[in-house]
Amino acid sequence: MTRIKRGYIARRRRKKISLFASSFRGAHSRLTRTITQQRIRALVSAHRDRDRKKRGFRRLWITRINAVIRGVGVSYSYSRLIHNLYKKQLLLNRKILAQIAISNRNCLYMISNEIRK
């Protein structure tokens, strides 16, 4: 039987995944099986942490808004502010409110006073 010479397809596939793992350390960037496992693991972590990043930023925005809004009054809090915003049908999301809270506190105070009426 004649010898079958493998084509370039397998080599191209391995090259592609080795380029993905080129920054990994040790065998994780050299051995094909280990590269494949680490690639799967890296993509799973990336997918999971995209959601965690969104969750973390939302917590940060809520903390910033709450810290500023508690300066308005003793009994006034973040939850009451958000409740009043929904009642008045103002479309300001938490990211925008947090930016207003940091850059211009007086503006946030004016918003909260207007919606409390």
Side-chain angles (χ1 to χ4, degrees):
M1 247 201 330
T2 57
R3 178 173 161 253
I4 297 172
K5 290 164 57 173
R6 294 290 305 267
Y8 61 91
I9 294 170
R11 186 169 57 247
R12 192 169 56 185
R13 178 176 49 83
R14 286 190 206 107
K15 186 72 175 168
K16 190 163 71 173
I17 64 170
S18 71
L19 286 173
F20 178 84
S22 62
S23 63
F24 296 174
R25 293 181 65 182
H28 294 170
S29 67
R30 291 190 192 94
L31 305 177
T32 304
R33 280 188 188 173
T34 319
I35 287 174
T36 306
Q37 292 169 358
Q38 290 304 310
R39 180 172 171 256
I40 291 168
R41 193 169 171 175
L43 293 173
V44 165
S45 296
H47 183 264
R48 179 195 63 225
D49 292 338
R50 276 195 293 273
D51 287 337
R52 283 192 182 169
K53 187 169 80 170
K54 291 178 184 74
R55 197 179 311 155
F57 270 111
R58 183 183 167 100
R59 284 180 65 186
L60 176 69
W61 297 330
I62 289 171
T63 306
R64 285 177 174 172
I65 295 166
N66 197 22
V68 171
I69 209 67
R70 282 185 185 274
V72 175
V74 178
S75 64
Y76 204 58
S77 65
Y78 164 81
S79 59
R80 291 201 178 153
L81 172 74
I82 295 297
H83 177 70
N84 290 336
L85 280 171
Y86 277 109
K87 276 200 313 193
K88 295 285 184 175
Q89 295 180 342
L90 282 175
L91 299 174
L92 290 172
N93 61 14
R94 287 158 184 83
K95 181 180 177 182
I96 299 298
L97 284 172
Q99 287 176 351
I100 292 171
I102 290 172
S103 63
N104 194 356
R105 288 183 178 195
N106 293 333
C107 184
L108 189 65
Y109 292 154
M110 285 172 33
I111 290 170
S112 65
N113 288 336
E114 284 296 319
I115 62 173
R116 260 200 290 186
K117 291 177 184 175

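For clarity, every value in this text was computed on a predicted model and none was experimentally measured.
Using a 4.5 Å heavy-atom cutoff, the side chains of I82 and L97 are in contact.
Every side-chain hydrogen bond (donor to acceptor under 3.5 Å, both in side chains) that N113 has, sequence neighbours left out, goes to R116.
Separation of atoms OH (Y109) and CG (N106) is listed at 7.5 Å; rounding is to 0.5 Å. Taking CD1 of I62 as the start and CZ of R58 as the end, the distance is 4.5 Å to the nearest 0.5 Å. Note: L81 CG to S112 OG = 6.5 Å, rounded to the nearest 0.5 Å. Residue I115 holds its CD1 atom at 10.0 Å from NE2 of H83, rounded to the nearest 0.5 Å.
Both L90 and Y86 sit in one connected hydrophobic cluster of ILVMFWY residues. Membership requires side-chain heavy atoms under 4.5 Å apart, directly or through other members. Linking ILVMFWY side-chain heavy atoms closer than 4.5 Å, directly or via other members, places I96 and I65 in a single hydrophobic cluster.
Under a 4.5 Å side-chain heavy-atom cut-off, the cluster of Ile, Leu, Val, Met, Phe, Trp and Tyr residues that includes F57 is completed by L60, W61. Here M110 sits alone; no ILVMFWY side chain lies under 4.5 Å from its own, so it joins no hydrophobic cluster. By the 4.5 Å side-chain criterion applied to Ile, Leu, Val, Met, Phe, Trp and Tyr, L31 is assigned to no cluster and stands alone. As a member of the Ile/Leu/Val/Met/Phe/Trp/Tyr network built from side-chain separations under 4.5 Å, I102 groups with nothing else and remains a singleton.
Residue pairs meeting the side-chain hydrogen bond (donor to acceptor under 3.5 Å, both in side chains) criterion with at least one partner in residues 90-101, sequence neighbours excluded, are Y78-R94. Within the structure, salt bridge (charged side-chain N to carboxylate O under 4.0 Å, His left out) contacts touching residues 100-115 (residues at least two apart or in different chains) are E114-K117. Evaluation of the salt bridge (charged side-chain N to carboxylate O under 4.0 Å, His left out) test over residues 48-57, restricted to residues two or more places apart or in two chains, returns D49-R52. Residues in residues 7-21 take part in no side-chain hydrogen bond (donor to acceptor under 3.5 Å, both in side chains) pair, two or more places apart or across chains.
In summary, the side chains of R70 and N66 do present a donor paired with an acceptor at a separation below 3.5 Å, with no hydrogens or angles considered.
Closest approach of H28 and A21 over heavy atoms only: O-CB, 3.6 Å. Scanning both residues, A101 and R64, for their nearest heavy atoms gives CB-O, 4.4 Å.
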Listed pairs under 3.5 Å, donor-acceptor, residues 33-45 side chains, sequence neighbours left out:
| unit_1 | atom_1 | unit_2 | atom_2 | d |
| --- | --- | --- | --- | --- |
| T36 | OG1 | T32 | O | 2.8 |
| S45 | OG | R41 | O | 3.1 |

